[in-house]
Protein chains: 4
Amino acid sequence: MPGYHQVTASHMPAEVAGITGAHLLQYIERIERLEEEKTALGEQSKEIFQEAKSSGFDPKIIRIVLRERKRTPEELDEEETMVLLYKQALGMMPAADS
Amino acid sequence: MPGYHQVTASHMPAEVAGITGAHLLQYIERIERLEEEKTALGEQSKEIFQEAKSSGFDPKIIRIVLRERKRTPEELDEEETMVLLYKQALGMMPAADS
Amino acid sequence: MPGYHQVTASHMPAEVAGITGAHLLQYIERIERLEEEKTALGEQSKEIFQEAKSSGFDPKIIRIVLRERKRTPEELDEEETMVLLYKQALGMMPAADS
Amino acid sequence: MPGYHQVTASHMPAEVAGITGAHLLQYIERIERLEEEKTALGEQSKEIFQEAKSSGFDPKIIRIVLRERKRTPEELDEEETMVLLYKQALGMMPAADS
DNA sequence: ATCGAACCCCCTTTTC
DNA sequence: GAAAAGGGGGTTCGAT
């Protein structure tokens, strides 16, 4: 009883056996290489957060600041304004002033 | 320096003050109610997983089975076949038979 | 119909064949039932967001408000204060006053 | 009326003003740099997936293969065996043998 | 109490 | 523009 010949699907590249596998492997390995690098960067990030924490900074607050730095001041203002407006409409705010 | 009057945005509903707040509150509270129910269901789910675990079943495997049951056998077969094909092309498989 | 006897693993419940399957099925079906309900609630939620959007409210802002309503005012204040502090230390703020 | 002096929190580093800001900024910028690199890698990944897709490979299947390659064959086998066992107990399988 | 992993949710992007 | 898929972030749980 034969091997993998039966499972050939019609939408696989119609190339000579072996070529397709090598071709696919190229892609796979390139992606894996990139993922390794991403993982390494993630670890470095984590270390910096730990350093910062050791220095007395709150990682959670740092994350918020990082997030806000990615956005334009206009975006932030716009959103903040809208949130404030909604909260006031809901009576969640002390009315802001007289 | 006055209060929230300045922050009125043009795309807020042009309704009488108070109406909008009540309107918004309706939505908010309905959503919150649904979220509460969802949380309750999630807790029940968790309990069942714990029961199952106590009975000797592996929650991780159960999750996999649940996921597969959501898909049609055809989908599963199709995917499984393709994965097998790719793995064989990559030499990740023992060739499937003697 | 011999089937699954061969694949029996040592850490499966040592019960009479059939009992275990029925037992497992109980758990599976209870969980699936809960998941269905959760899905239904999720759909209702989505509908409400769409309604709100149709009424001129911004779903994104609503989500923020919902998130904040889950937290205590003290938490919110504390966090907001810290974020402000960090941003000032970073020179991201206009100095906060005249 | 002064600026940010009032919001000073007791758990901020008791260092000379300016030092803390510079210190924090160091962390922030290092993290941002890493995030940029991660983003770049992600873009390269995406390009490779597109290439692969253009060559007739299914990105979805590739992702599954990548995931499996991260795990040891033993892990995969163990899990696969257990899933099969559970499915058979549930009557989800065609009995698996002659 | 800290660390790590697993799960869930939101959001963005792409596809149809 | 509606639906789906992938990626990222946050949170919670278990483990040490």
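The basis for the numbers below is simple: all heavy atoms, side chains too, and nothing from hydrogens, waters or symmetry mates. Order of the sequence lines fixes the chain letters, A, B, ..., with proteins taken first and strands second; residue numbering starts at 1 for each chain.
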Using whole Å, report how far CD1 of C/I62 lies from P of E/dC11. 12 Å
Quick one: side-chain hydrogen bond (donor to acceptor under 3.5 Å, both in side chains) partners of [X], sequence neighbours excluded?
{"X": "D/E68", "value": "B/K87"}
{"X": "C/E51", "value": "B/R30"}
{"X": "B/R63", "value": "none"}

Just distance, no hydrogens or angles: give the donor-acceptor pairs under 3.5 Å from side chains in residues 31-44 of chain B, sequence neighbours left out.
unit_1, atom_1, unit_2, atom_2, d
B/E32, OE1, C/R69, NH2, 3.3
B/E32, OE2, C/R69, NE, 2.7
B/R33, NE, B/E37, OE2, 3.3
B/T39, OG1, B/E35, O, 2.9

Reading nucleotides 2-16 of chain F 5' to 3', which nucleotides get B (base under 4.0 Å from a protein heavy atom), which S (sugar-phosphate only), which -? ----SSS-S--SS--
Just to verify, what does C/S54 make a side chain to side chain contact (heavy atoms under 4.5 Å, CB included) with, not counting sequence neighbours? none
